[in-house]
Amino acid sequence: MSLLLSGLNNEQLKAVTLQDQSALVLAGAGSGKTRVLTTRIAYLIQSRQVSPHSILAVTFTNKAAKEMLIRISAMLPINTQGMWVGTFHGLCNRMLRAHYQDAGLPQAFQILDSADQLAVIKRVLKDINADIEKFPPRQVQWFINNAKDGGIRGSQVEASDDFTRKMAEFYLVYEQQCNKEGVVDFAELLLRSYELLTRNEVLQKHYSGRFSHILVDEFQDTSQLQYKWLRLLAGAEASVFVVGDDDQSIYAFRGANTGNMKDFERDFNISEIIKLEQNYRSHGNILDAANTLIRNNNGRLDKNLWTSEGDGELLRVYNAPTDLDEAAFIVKEAKSLYAEGVKLSQIGLLYRSNAQSRVLEHALFNASLSYRVYGGLRFFERQEIKHALAYLRMIANPNDDNALLRIINFPARGIGARSLEQLKDSAKEKGGSLWQAALENRGGVVLNQELGDGTLISRIENRAAGIPKKGLNSFVFLIESMQQDCLELTLPEIIKHMLEHSGLVPHYNSQREGANRLENLNELINAVTSYIQEAEDSSLTAFLAHASLEAGEHQSGNDQDAIQLMTVHSSKGLEFHSVFLSGLEEGLFPHDNSRNEAGGLDEERRLMYVALTRAQRRMYLSFTQSRMLHGQTRYNIPSRFLKEIPEKLLKFLHPVQEPAATGRVSGEKNYRVDAPTRNSKLRMQGSASGILDSENLKWSIGQNVIHAKFGEGIIVNCEGGGSDGRVQVKFSQYGTKWLSLEYAKLTSA
DNA sequence: ACTGATTCTTTTTTT
DNA sequence: AAGAATCAGT
């Protein structure tokens with residue numbers, strides 16, 4: 001007991017040992033939040049004799065859930081199986097599986113990831129001949145998910161204008177289609193589960209009676225609906241212990257609602273907020289930078305991180321001519337860190353958007369530094385894996401049209417656009433799924449056997465008569481025989497069976513670039529094997545749900561010492577000895593798209609705050625003058641966030657030699673270290689391509705300039721020469737403008 | 001119906 | 001730049 005609580009500071013101890021009351025813990029970055037949560041669970045079980053069965057813990061990511069279970073198991077020799085620990089989506093899935101009939105779902109309902117959802121929406125829109133130009137599928141998707149997050153069904157949308165009426169109509173048709181196919185999207189998991197508890201009082205009583213202690217991590221990232229779900233589960237009795245940090249709320253785009261923290265205070269009669277402000281992660285200068293930056297946001301719950309450690313190093317700023325130079329710089333620094341004894345896995349390389357990782361990967365690869373990329377294209381999202389999963393989904397729930405369409409002619413079996421069109425028409429006419437239509441359209445004598453949930457299993461009488469090698473019937477027979485053969489098989493056997501019979505392996509064997517894909521298909525067997533080891537439920541359906549909900553975390557090479565590459569978003573919760581934050585440029589970070597959204601800039605700033613607070617000892621901030629993005633070179637000015645960090649905390653690094661003038665070739669650069677001087681402040685060094693005036697070489701693309709009226713900016717384009725010349729300048733405040741050199745008063749910055 | 005070529009689109013973050 | 005979608009030719 002004393003062992004359990006030793007080493008906690010006063011505030012942490014107070015949070016851990018609270019009596020049966022609800023509590024709000026405001027926990028800054030690196031303040032031991034996870035430790036408090038796990039220790040509290042262990043404390044409840046050990047000292048207060050709370051049954052693990054009565055504990056529900058919600059985390060934001062699957063990784064965090066896993067981590068929590070591991071830590072609890074390390075503290076207590078108990079069986080954690082009775083505890084409900086997981087993400088909102090994972091827990092809702094668990095509940096819906098247990099009560100699928102009450103929830104109005106088939107037993108083997110499948111989960112759509114975002115891409116799957118978009119595919120369904122596109123199909124539906126096409127079916128009803130909607131104007132795709134006027135109503136882009138992505139926007140429809142956004143509308144539907146937003147409505148669901150607000151707890152609103154298609155029939156409940158309040159439409160006052162034509163546009164919304166149309167959206168509501170699409171939403172309704174989409175709902176019908178999903179029901180027909182027995183599939184649910186991410187938001188649906190939450191909404192269904194919520195509706196189940198609202199409608200079914202017996203179930204609601206059951207769960208709220210069972211869970212006497214509910215603990216929520218990353219509470220600032222919960223959505224409206226998730227909060228309502230929590231309240232239902234809590235009922236009147238449970239004590240709810242939530243931990244969060246409003247400064248680290250970075251998922252507003254996905255419905256996260258910081259207001260939940262204030263609502264929680266009110267709804268659960270919180271008299272006192274416990275603040276964890278002592279930071280055990282970073283040195284002082286890094287914390288100072290983060291604290292100063294975040295103070296630019298409004299409406300914060302007040303909080304200031306401090307550390308008992310020293311100031312440590314200054315934050316290092318590097319201005320690279322191009323993204324390639326930036327990557328070269330990072331590689332060089334990482335190498336010397338490694339030489340100094342920093343493990344590669346203790347180096348984090350962060351960026352705002354996934355598109356930035358390619359250049360960095362390339363540089364690391366050429367330098368033979370091992371690295372690991374998180375996010376991006378995940379294992380379960382790869383094309384070949386999606387195909388394999390589609391076969392598996394057809395075995396579990398053949399009404400899944402997405403799955404059917406993906407593989408009905410893959411590998412090719414002679415089912416072209418024409419036959420597909422017929423199949424679609426027939427399905428539309430009958431009002432069923434494509435699979436149902438396919439069953440009715442095929443020849444031969446078939447005895448259908450209907451299971452309770454509407455799934456059709458067919459006994460094939462004419463197998464002996466020969467199975468067609470091509471065409472629709474061949475596909476129907478293939479799936480049916482797979483369904484039958486797999487009835488008695490274990491999960492790994494099912495995967496092997498599918499790989500052997502689907503034709504995917506021979507197909508990729510014959511493809512030129514297929515080796516990698518074959519490897520991944522093989523890896524699928526490993527994925528299943530490791531899944532079985534930890535999962536409680538080793539059914540095919542459970543595995544498929546796992547694949548949808550945890551698209552990311554299956555990656556090989558987990559144990560290798562490697563530099564960690566990821567977006568700032570996915571870095572939340574992690575820490576590194578040294579952190580590189582690349583691409584600190586206006587338009588990229590803060591991102592252009594955030595400018596139009598209310599509160600968008602504040603969210604970007606919180607994102608920056610998250611990035612800064614990942615570093616323990618050393619922080620690198622880099623930006624470039626020009627960057628290749630989406631096939632064209634963009635000229636950017638330094639991020640405003642750099643200017644929000646006190647200059648006395650920064651150390652500017654400069655390349656020694658002038659950068660190459662043109663082209664995307666780049667070698668290693670030397671650089672020297674300067675004390676920060678007035679002139680060094682975030683100024684671009686050197687010049688890039690695009691010389692305008694051969695007479696005096698005065699203006700060039702990428703150059704920083706100051707205009708009497710518009711302030712500072714950067715030249716992004718040039719035209720003409722001499723007195724006719726014009727330059728296009730991107731100003732930090734006034735946007736991009738063409739200026740005539742004859743009139744404009746430009747000075748070099 | 002299939003293949004290869006060309007055009008078009010997408011470019012923020014994720015359960 | 002890279003992938004998806006569409007188109008033309010076989």
Side-chain angles (χ1 to χ4, degrees), chain A residues 58-65 86-93 111-119 122 126 132-133 136-138 142 145 148-149 184-190 218 221-223 225-226 248-256 323 350-359 362 374-378 380-381 383 409-421 470-471 511-512 545-553 566-572 583 587-597 600 603-604 606-608 610-611 627-634 664:
Chain A
V58 194
T59 59
F60 191 64
T61 63
N62 296 296
K63 204 161 79 183
T87 62
F88 280 102
H89 293 89
L91 295 170
C92 286
N93 176 53
I111 300 168
L112 304 179
D113 64 21
S114 308
D116 293 333
Q117 182 188 32
L118 190 60
K122 281 183 182 165
K126 215 169 183 180
I132 306 275
E133 302 276 292
R138 275 188 179 283
W142 186 85
N145 288 337
K148 287 190 179 184
D149 273 337
V184 301
D185 57 50
F186 285 143
E188 184 72 23
L189 283 171
L190 299 170
E218 308 278 17
D221 285 326
T222 51
S223 71
L225 185 58
Q226 287 167 342
Q248 293 189 71
S249 163
I250 54 174
Y251 287 96
F253 68 92
R254 193 175 105 179
D323 45 347
L350 311 185
Y351 34 81
R352 175 63 179 86
S353 66
N354 277 310
Q356 286 167 255
S357 76
R358 268 173 32 86
V359 176
H362 190 78
Y374 290 76
L377 186 59
R378 300 170 161 137
F380 287 115
E381 287 169 1
Q383 189 209 102
N409 200 32
F410 192 95
R413 47 176 76 85
I415 303 170
R418 187 74 54 85
S419 346
L420 216 57
E421 216 42 60
K470 285 194 139 204
Q511 292 251 306
R512 284 186 303 280
H546 162 86
S548 302
L549 292 172
E550 253 176 276
E553 272 329 295
M566 66 193 80
T567 62
V568 180
H569 278 91
S570 40
S571 77
K572 190 162 70 155
L588 202 60
F589 198 1
H591 199 277
D592 266 336
N593 297 9
S594 70
R595 279 197 309 207
N596 308 320
E597 292 154 33
E603 173 137 331
E604 294 285 310
R606 289 192 292 269
L607 202 48
M608 179 75 186
V610 168
R627 173 180 299 277
M628 196 68 134
L629 204 64
H630 309 310
Q632 58 193 26
T633 310
R634 293 185 19 162
R664 302 216 7 108

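Reminder, nothing fancy here: chain letters follow the sequence lines and each chain counts from 1.
Spacing between atom CZ of A:R352 and atom P of B:dT13 amounts to 7 Å, rounded to whole angstrom units. With rounding to whole Å, A:F88 atom CZ is found 14 Å from B:dT15 atom P. Rounded to a whole Å, the CD atom of A:E381 is 9 Å from the P atom of B:dT15. Distance CZ (A:F380) to C1' (B:dT15): 15 Å, rounded to an integer number of Å. Rounded to whole Å, the distance from CD on A:Q226 to P on B:dT15 is 12 Å. The distance between atom CZ of A:R606 and atom C1' of B:dT13, rounded to the nearest whole Å, is 13 Å. Computed from coordinates, the A:I250 CD1 to B:dT14 C1' distance equals 10 Å when rounded to whole Å.
In the set B:dT13, B:dT15, B:dA1, B:dT15 carries the atom at the smallest distance from any side-chain atom of A:H89. Closest to the A:S114 side chain, of the nucleotides B:dT13, B:dT15, B:dT11, is B:dT15. For A:S419, taking side-chain heavy atoms from C-beta onward, the closest of the listed nucleotides B:dT14, B:dT13, B:dA1 is B:dA1.
As judged by a 4.0 angstrom heavy-atom cut-off over every strand, A:R138 is placed among residues touching the sugar-phosphate backbone only. Nucleic acid contact for A:Y251: sugar-phosphate only, since backbone atoms but no base atoms lie under 4.0 Å from a heavy atom of the residue. Nucleic acid contact for A:D113: none, since no nucleic acid atom lies under 4.0 Å from a heavy atom of the residue.
A:T59 is listed as a side-chain neighbour of A:T87, based on a closest heavy-atom distance under 4.5 Å. A:K572 has its side chain within reach of A:D221: a pair of non-hydrogen atoms, C-beta onward, lies under 4.5 Å apart.
With sequence neighbours left out, A:F60 forms a ring pair (Phe, Tyr, Trp, His ring centres under 6.0 Å) with A:Y251. Under the ring pair (Phe, Tyr, Trp, His ring centres under 6.0 Å) criterion, A:Y351 pairs with no residue, sequence neighbours left out.
Checked by atom type and distance alone, the side chain of A:E604 never pairs as donor or acceptor with a backbone atom of A:S594 at under 3.5 Å. Checking side-chain atoms of A:D185 against main-chain N and O of A:L112 turns up no donor-acceptor pair under 3.5 Å. Judged purely by atom type and a 3.5 angstrom limit, A:H569 uses its side chain to pair as donor or acceptor with the backbone of A:I250.
For A:N354 and B:dT14, the shortest distance from a side-chain N or O to OP1 or OP2 is below 4.0 Å. Using a 4.0 Å cut-off, no side-chain N or O of A:N93 falls inside it from OP1 or OP2 of B:dT15.
Separation of the C1' atoms belonging to B:dT12 and C:dA5 is 24 Å when rounded to the nearest angstrom.
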(request) Do nucleotides 1-10 of chain C as a string where each nucleotide becomes B, S or -: B if the base has a protein heavy atom under 4.0 Å, S if just the sugar-phosphate does, - if no protein is that close. (result) BS--S-----
